[in-house]
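First the structure, in the form of structure tokens, and then the observations on it.
These numbers come from a predicted model, not from an experiment. Note that ligands are numbered from 1 as they come in the structure, with each ligand's atoms numbered from 1 the same way.
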Amino acid sequence: MTTQTYPFSLPPLPFAPDALEPHFDARTMSIHHDEHHRVYVERLNAALKDHPGLHGRTIENLLRNLNRIPPDIRPAVRNNGGGHLNHSLFWSLIGPPVKTAPAGPLLDALTASFGSLESFRVKFREAAAGHFASGWVFLVADARKNALEVLALPDHHCVLATHQTVLLVCDVWEHAYYLKHQQKRADYVDCWWQVANWQEASRRFGRPVEAEA
Ligand code: MN3
């Protein structure tokens, strides 16, 4: 994703907190980015502080090689590093609602993998609304299978396989929606659909698979 190494920093929101109204409310966006994401970054840096041997590694490299992280900080790196990586993706893959829909090669791939755009939407909605407890739901392009897939992961687990590219992502932790939607996660997922950034998804779909970090 990035070449950034320790100390990691909170990426600015790429839009104003109220830019996704009425779908995502400004208060939730501010708390989600300025508090939740910031704390993940701070705790990740705190865990790495006394381990200069890890200071030259990118976040993907750290997460792909957790077995080489000292056991005493491994959970902190996994949880907070994963939270940092997933949230950074999340902000870049939502945006002000502009009624864009997938087109061209990405629409063709969605149709080939799911039958239709509507079938994909239903499948993604079911995965996100039905995900047990906290986690993330992704649309990924799998280069080995030459197909698109919906992937649900728990906690702050990340898509790290180098043959998989994240095209869209929905945060299904309660902090992403509870202020506005309380327990009605499916309503939040419907709002997420309105702000999904298909332009960025198309750009990511068109780029080559990342080299092994
Ligand atoms: Mn979150």
Give me the protein N, O or S atoms that fall under 2.8 Å of the Mn ion (ligand 1), sorted by chain and residue number.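 His32 NE2, His87 NE2, Asp171 OD2, His175 NE2, with waters left out.
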Qualifying residues under ring pair (Phe, Tyr, Trp, His ring centres under 6.0 Å), relative to His36, sequence neighbours excluded: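 Ring pair (Phe, Tyr, Trp, His ring centres under 6.0 Å) list for His36, sorted by chain: His175.
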Quick one: ring pair (Phe, Tyr, Trp, His ring centres under 6.0 Å) partners of Phe114, sequence neighbours excluded?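 Result, ring pair (Phe, Tyr, Trp, His ring centres under 6.0 Å) vs Phe114: Phe120.
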Does the side chain of Val166 reach to within under 4.5 Å of the side chain of Leu151, using non-hydrogen atoms?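 Val166 does not reach Leu151 side chain to side chain.
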Euclidean distance, Glu126 CD relative to Phe124 CZ, rounded to 0.5 Å: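 Between atom CZ of Phe124 and atom CD of Glu126 there are 12.5 Å.
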Parallel, tilted or perpendicular, judged at 30° and 60°: which one describes the rings of His37 and His87?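 Ring orientation, 0 to 90° scale: tilted.
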Please table the atom pairs, donor to acceptor, closer than 3.5 Å between any side-chain atom in residues 132-139 and protein atoms at least two apart or in another chain.
from	atom 1	to	atom 2	distance (Å)
Trp136	NE1	Asp155	O	3.3
Trp136	NE1	His156	ND1	2.9

